[in-house]
Amino acid sequence: MHGATMSPLKVLAAPFRYRPWRPRHARLIGRDLVGRWNQAEHRHTTHLRATIDWLCLAQDARNGMPDAGGVSAGWTFEDGWLPSYPETSGYIVETFIAAAKVLDRPDLLDRARRIIDWELSLQRSDGAFPGHYGEPGSKPVVFNTGQIMHGMLAGHLQLGLPECLDAAVRAGRWLADIQDEDGCWRDFEHNGIPHTYNTRATWALLATALIAGEPELKMAAIRNLEWALAQQGESGWFANNAFVTGQQPFTHTIAYAIRGMLESGVLLESSLYVDSALKAARAMANVQRSDGWLAGKYDAEWVPRAKYCCLTGVAQMSVNWTRCAQVSGVSRLRGNARTALSLLKRCQRLRDRDAVSRGAIAGSVPIWGGYSRFEFPNWAAKFFADALMMDLDDSAVPPVPNIAAARQKKVAHV
């Protein structure tokens with residue numbers, strides 16, 4: 001989920017770093033210069049198939065490598081196909097499982113299992129999962145561990161793998177152990193600062209607690225939700241939600257914070273947390289342009305602070321608006337979700353001869369925008385696929401767990 005604002009020195013070095021003179025790179029840049037957002041829109045399933053095919057390509061790109069089984073973090077101008085990314089591979093498990101049913105592709109279940117096997121091989125003795133690309137010595141990160149827990153929960157609940165719940169509980173205990181008394185995580189954090197978007201990790205922590213019957217983990221989750229709630233202002237915007245101190249948050253991280261708060265509220269049957277998510281989701285809906293565009297960053301008054309569009313965040317907000325409508329009955333938010341999907345479809349190239357870009361979703365539009373610059377990140381594709389499936393059959397990805405049934409399932413495996 002990386003993304004950063006470039007320093008002046010990096011700007012000067014950018015031509016050498018991204019090599020725009022390469023034919024493939026020049027073609028991708030030229031397309032955004034002359035023909036942005038004008039691709040033909042097709043049925044949801046057509047776009048979904050292309051997106052899932054690209055995610056499969058990203059997984060296959062690591063075949064024969066030490067990180068085989070995981071999904072490449074994406075393709076970039078700078079490095080080509082990146083190593084497998086434990087964090088986002090974790091929640092791609094949910095996407096492959098959902099798409100297996102929607103597209104009648106049982107092979108995607110095998111792909112989900114391959115991700116899980118790889119993730120389990122990375123788990124540390126203290127329960128945490130490594131950050132970054134999972135290389136030896138990589139320090140664990142709170143958020144990343146939480147996203148892998150989502151994959152573990154999907155493995156347990158939807159694939160019937162009891163070892164996945166055991167892994168999630170161990171990871172949850174690590175999260176609880178390193179949490180500060182006020183519910184905030186300050187250690188093992190990206191860039192060494194606290195992040196409100198950790199609510200998306202808290203959602204996994206809470207679900208693990210309820211399914212496994214771990215009251216201490218539940219209390220740790222609630223403490224973080226209360227801390228996050230205190231970061232929300234009257235406008236609905238969350239403070240301490242950017243990657244870097246003093247900067248405005250990406251639409252991407254705003255959407256993370258909303259989803260974590262919403263789903264935690266659903267699990268706890270708490271209108272307090274659901275209403276918090278709705279407040280922010282409505283504010284985002286109010287600043288969405290008629291063509292689906294959302295700026296890359298927003299300040300506390302929802303004033304755009306970037307000229308580019310963060311497509312990753314647009315996909316996430318489509319998911320969020322659909323879920324908010326499902327949970328609250330605020331049906332107008334479905335219109336925002338579909339307008340976002342329309343923009344994403346117009347930015348996706350389905351007939352490109354180049355497999356690297358065919359079916360991919362760029363981090364930003366134009367592709368040189370400040371979030372995941374010159375990159376097709378796997379998580380942008382993941383959230384677009386989720387948004388398509390959720391609008392297609394009014395489902396939730398992942399499904400909301402039936403806690404009572406899940407507890408019985410756990411007891412049966414003991």
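The residues of the chain are indexed from 1 along the displayed sequence. Keep in mind that the numbers below use all heavy atoms, side chains included, and drop hydrogens, waters and symmetry copies.
- Within 6.0 Å of the CG atom in N63, the count of heavy atoms belonging to other residues, nucleotides or ligands exceeds 12.
- Taking the six-membered ring where the residue is Trp, Y18 and F374 present tilted rings, their angle falling between 30° and 60°.
- For the pair H195 (side chain) and N240 (backbone), a donor-acceptor distance under 3.5 Å is absent.
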Taking it one step at a time, do R111 and D60 satisfy salt bridge (Lys or Arg N to Asp or Glu O under 4.0 Å)?
CA-CA 10 Å; R111 289 183 175 275; D60 292 345; 3.0 Å; yes
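- Residues V314 and F384 form no side-chain contact, since every pair of their non-hydrogen atoms from C-beta on lies 4.5 Å or further apart.
- Donor-acceptor pairing under 3.5 Å is lacking for the side chains of S342 and R338.
- For the pairing with F143, the ring-ring contact (aromatic ring centres under 6.0 Å, His included) check across F188, W185, Y197, Y91 returns one residue only, Y197.
- Using a 4.0 Å cut-off between a side-chain N of Lys or Arg and a carboxylate O of Asp or Glu, D394 and R334 qualify as a salt bridge.
- Between H190 and F243, the ring planes are perpendicular. Angles over 60° get that label, and only those under 30° would be called parallel.
- A donor-acceptor contact shorter than 3.5 Å is absent between the side chain of N224 and the backbone of T202.
- Rounding to the nearest 0.5 angstrom, the gap separating the CH2 atom in W118 from the OG atom in S121 is 7.5 Å.
- No hydrogens or angles considered: nothing links the side chains of Q231 and T196 as a donor-acceptor pair under 3.5 Å.
- Proximity of a side-chain donor or acceptor of W237 to a complementary backbone N or O of D299 within less than 3.5 Å is detected.
- The shortest distance between side-chain heavy atoms of I254 and M317 does not fall below 4.5 Å.
- Enclosure of atom NZ in K279 by more than 12 non-hydrogen atoms of other residues, nucleotides or ligands within 6.0 angstrom is indicated.
- Between the side chains of E189 and N198, at least one donor-acceptor pair of N or O atoms lies under 3.5 Å.
- Between the side chain of S364 and the backbone N or O of P366, no donor-acceptor pair lies under 3.5 Å.
- Q288 and T339 form no side-chain donor-acceptor contact under 3.5 Å, judged by distance and modelled atom types alone.
- The aromatic rings of Y371 and F250 sit perpendicular to each other, their planes meeting at more than 60°, with 30° as the lower class boundary.
- In summary, the aromatic rings of W54 and H47 are positioned with their centroids too far apart to meet the 6.0 Å limit.
- Under a 3.5 Å cut-off, the side chain of D180 and the backbone N or O of G183 do not form any donor-acceptor pair.
- Counting heavy atoms of neighbouring residues, nucleotides and ligands inside a 6.0 Å radius, atom CZ of R24 exceeds 12 of them.
- Put simply, the side chain of Q248 never gets that close to the backbone of A242: no donor and acceptor are under 3.5 Å apart.
- Ring geometry, Y256 versus F383: the interplanar angle exceeds 60°, so the pair is classed perpendicular (tilted spans 30 to 60°).
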Walk me through whether I211 and L157 qualify under side-chain contact (heavy atoms from CB on, under 4.5 Å).
CA-CA 9 Å; I211 293 165; L157 295 170; 3.8 Å; yes
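- Counting heavy atoms from C-beta on, the side chains of L210 and K218 come closer than 4.5 Å.
- Checking side-chain atoms of W203 against main-chain N and O of R259 turns up no donor-acceptor pair under 3.5 Å.
- Looking only at side-chain heavy atoms (C-beta outward), S372 and T312 stay at 4.5 Å or farther from each other.
- Between the side chain of D67 and the main chain of S84, a donor-acceptor pair closer than 3.5 Å is present.
- Between the OG atom in S138 and the NE2 atom in H132 there is a gap of 7.0 Å [rounded to 0.5 Å].
- K382 and E94 are joined by a salt bridge, as a carboxylate oxygen and a charged side-chain nitrogen come within less than 4.0 angstrom of each other.
- By the neighbour-count criterion of 12 heavy atoms within 6.0 Å, atom CD of E216 is sparsely surrounded, having that number or fewer from other residues, nucleotides or ligands.
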Worked verdict on C56 versus L108 for side-chain contact (heavy atoms from CB on, under 4.5 Å):
CA-CA 8 Å; C56 291; L108 295 176; 3.7 Å; yes
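- Residues passing the salt bridge (charged side-chain N to carboxylate O under 4.0 Å, His left out) test with R22: none are found, sequence neighbours excluded.
- Of the possible polar contacts, one joining the Q316 side chain to the H252 backbone as a donor-acceptor pair under 3.5 Å is found.
- Judged purely by atom type and a 3.5 angstrom limit, N191 has no side-chain atom pairing as donor or acceptor with the backbone of I193.
- Salt-bridge formation is detected for the pair D110/R113: a Lys NZ or Arg NE/NH1/NH2 atom is positioned less than 4.0 Å from an Asp or Glu carboxylate oxygen.
- The line from CG of L82 to OG1 of T76 is 4.5 Å long, rounded to the nearest 0.5 Å.
- Contact detail for A337 and W321: the closest heavy-atom pair is N-CE3, 3.7 Å.
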